[in-house]
Participant: 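Here you go, one structure.
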Amino acid sequence: MDFELGEEQQMVRETTRAFVEREVKPVASRLDREAIYPSELVKRLSELGLMGIVVPQEFGGSGMDLLSCVVAMEEISKAWASLAVAMSVQNSLVCAPIARFGSAAQKKKYLSSLARGERLGCYALTEPGSGSDAGSIQTRAKRVDDDFVLNGNKIFTTNGNRADLAIVYAVTDPAKGKKGISAFIVEKNSPGFVVGKLEDKLGLRSSDTASLLFEDCRVPGENLLGTEGEGFTIALVTLDGGRIGIAAQALGIAQGCLEESVAYAQQRRQFGRAIAEFEAIQWMLADMATEIDAARLLTYRAAWLAEQGRTFTKEAAMAKLFASEAANRAAYKAIQIFGGYGYTKEFAVERFFRDARITTIYEGTSEIQRLVIARRLIHGEEIAHEVHEEMF
Ligand code: CAA
């Protein structure tokens, strides 16, 4: 057993950290306050090879491992979770399912440009009436000649407004329930693809969250991802990977809270000494650090298992559950340590507190992660094994 990062992962950490220090930290709070989407920084992520970090080089990606992706996500999230989620969605919810389930033609047409960041993608599953119960989606896709015609409404789609294409989940055969769901690659310029309402959110203020409407939207048959009826499996396998990304995001937010808190506690003086000298503060810092280490180990393990082609559904759910809940506890404590100052927009911990909140909700709530874990404890691991092999 080896707890050291490899050379490649350390290199990714150093490069990403330097980029974040130089280009992200100085602008994050202002852009977040003004809810401005960071187009220039997303472009920089592409230039650094981070928008397709795990996509093989033959398809335009950086060909790195999932742990490198986690390390990069962690570094970016330490400074700005809004930017990190754009990268996470592109890698795990868009590139990964095309790499895993896409035809040779789909990979050639879409994967390379996505991996290079020339195109942005989004993952359209959630609907007004279908959140945790993802199998109950109502969006319909009817076969007409060689095409499919989509009708329905998707919500809470990260990158939704900016995306050039969406992976859309729709029912092709209502009689078959979840086995009648299929996945489609839908280009933004398809007639009948309309971007609806943009969400005004508590946190991730600069992340793009949109509803998408499909009104008789015609999609060529060749854009069916995987086979007809395979959509629900694709959605869940994809989310397993996505949950590792969100665990890494939560981990980064928590680490950001800790670093800000340690620095502040050493500099802030009350009762004639630095508040870091008080046990009440030390205990909070110690608890934060311990939980962050536990979250990191769970997240790295899930990434390592996925990389080995082993079953990781339960471990990804555990990582996301623990890291996201730990991030919220860390953000709570950080504000407590900063006191009144922490409640103002002058300090980043106020933003971290708001950003941490979504991590226990999107890509599966904490309650859904517990359900996933419990089902695997009771019914075994076999279900997901087959589909996780050869993720790329
Ligand atoms: N991998 C592969 N297959 C899986 C699987 C997995 N991880 N989990 C389940 N399956 C299979 C099952 O074996 C079953 O197959 P059979 O019918 O052949 O037995 C089939 O899928 C159906 O499984 P379930 O009966 O367990 O399905 P369910 O309806 O009970 O739902 C769930 C399972 C885990 C609750 C799922 O619906 C779920 O994950 N819900 C949460 C959805 C979610 O995370 N949404 C977030 C959307 S993205 C987002 O947040 C926005 C963004 O842009 C970031």
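Fair warning: this is a prediction, and the values are worked out from it, not measured in the lab. Just so you know, ligand 1 is whichever comes first in the structure, and atom 1 is the first atom listed for that ligand.
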Participant: Is the closest basic N to carboxylate O distance between Lys201 and Glu199 below 4.0 Å?
Facilitator: no

Participant: Thr290 and Asp293: side-chain donor and acceptor closer than 3.5 Å?
Facilitator: no

Participant: Less than 4.5 Å apart, side chain to side chain, heavy atoms only: is that true for Tyr169 and Ile234?
Facilitator: yes

Participant: For ligand 1, which atoms have a heavy atom of Thr126 less than 4.0 angstrom away?
Facilitator: 47 (C)

Participant: Please answer: with hydrophobic residues joined when any side-chain heavy atoms are less than 4.5 Å apart, are Val186 and Val94 in the same cluster?
Facilitator: no

Participant: Do any heavy atoms of Ser136 fall under 4.0 Å from ligand 1?
Facilitator: no

Participant: Which ligand 1 atoms, with their elements, are less than 4.0 angstrom from a heavy-atom of Thr313?
Facilitator: 7 (N)

Participant: Could an N or O of ligand 1 be found under 3.5 Å from any N or O of Glu363, whether backbone or side chain?
Facilitator: yes

Participant: Please report the shortest heavy-atom distance between Ala327 and Ala250, naming the atom on each side.
Facilitator: CB-O, 3.4 Å

Participant: May I ask you to say whether Glu14 pairs ionically with Arg17, meaning some side-chain N is under 4.0 Å from a carboxylate O?
Facilitator: no

Participant: So is there a nitrogen or oxygen of Arg375 less than 3.5 Å from a nitrogen or oxygen in ligand 1?
Facilitator: yes

Participant: Pull out every atom of ligand 1 sitting under 4.0 Å from any heavy atom of Val237, numbered as shown with elements.
Facilitator: 1 (N), 2 (C)

Participant: Can you tell whether the side chains of Arg310 and Glu315 come within less than 4.0 Å, N to carboxylate O?
Facilitator: no

Participant: Please compare Gln369, Glu367, His379, Lys178 and report which has the shortest non-hydrogen distance to atom 29 (O) of ligand 1.
Facilitator: Lys178

Participant: Using a 4.0 Å cutoff against the non-hydrogen atoms of Ile368, which atoms of ligand 1 qualify?
Facilitator: 35 (C), 39 (O), 40 (N), 41 (C)

Participant: Is Lys314 touching ligand 1 with its side chain, its backbone, both, or neither, if touching means heavy atoms under 4.0 Å apart?
Facilitator: neither

Participant: If you measure from each non-hydrogen atom of Ser132 to ligand 1, which part falls under 4.0 Å: side chain, backbone, both or neither?
Facilitator: backbone

Participant: Looking at ligand 1, is there an atom of it that comes within less than 4.0 Å of some heavy atom belonging to Arg376?
Facilitator: yes

Participant: Show me which atoms of ligand 1 lie under 4.0 Å from any heavy atom of Asp240.
Facilitator: 1 (N), 6 (C), 7 (N)

Participant: Considering only NZ, NE, NH1 and NH2 on the basic side and carboxylate oxygens on the acidic side, decide whether Lys320 and Glu363 come within less than 4.0 Å.
Facilitator: no

Participant: Tell me the contacting part of Phe232 for ligand 1: side chain, backbone, both, or neither, using a 4.0 Å heavy-atom threshold, strictly below.
Facilitator: side chain

Participant: Measure the spacing between CG of Leu120 and NZ of Lys43 and express it to the nearest 0.5 Å.
Facilitator: 14.0 Å

Participant: Determine, for Lys109 against Glu187, whether the closest basic-nitrogen to carboxylate-oxygen distance falls under 4.0 angstrom.
Facilitator: yes

Participant: What are the atoms of ligand 1, with element, lying closer than 4.0 Å to any heavy atom of Gly131?
Facilitator: 42 (C)

Participant: If we only count N/O pairs under 3.5 Å, is Tyr362 in contact with ligand 1?
Facilitator: no

Participant: Give yes or no for whether the N/O distance cutoff of 3.5 Å, strictly under, is met between Tyr123 and ligand 1.
Facilitator: no

Participant: Would you check whether Gly364 has a nitrogen or oxygen atom less than 3.5 angstrom from a nitrogen or oxygen atom of ligand 1?
Facilitator: yes

Participant: Consider every N or O of Thr158 and every N or O of ligand 1, then say whether any pair is closer than 3.5 Å.
Facilitator: yes

Participant: Numbering the atoms of ligand 1 from 1, which are under 4.0 Å from a heavy atom of Val372?
Facilitator: 34 (C)

Participant: Do the rings of Phe353 and Tyr332 sit parallel, tilted or perpendicular, given the 30° and 60° boundaries?
Facilitator: tilted

Participant: Salt bridge or not for Glu350 and Arg354, using N-O below 4.0 Å?
Facilitator: yes

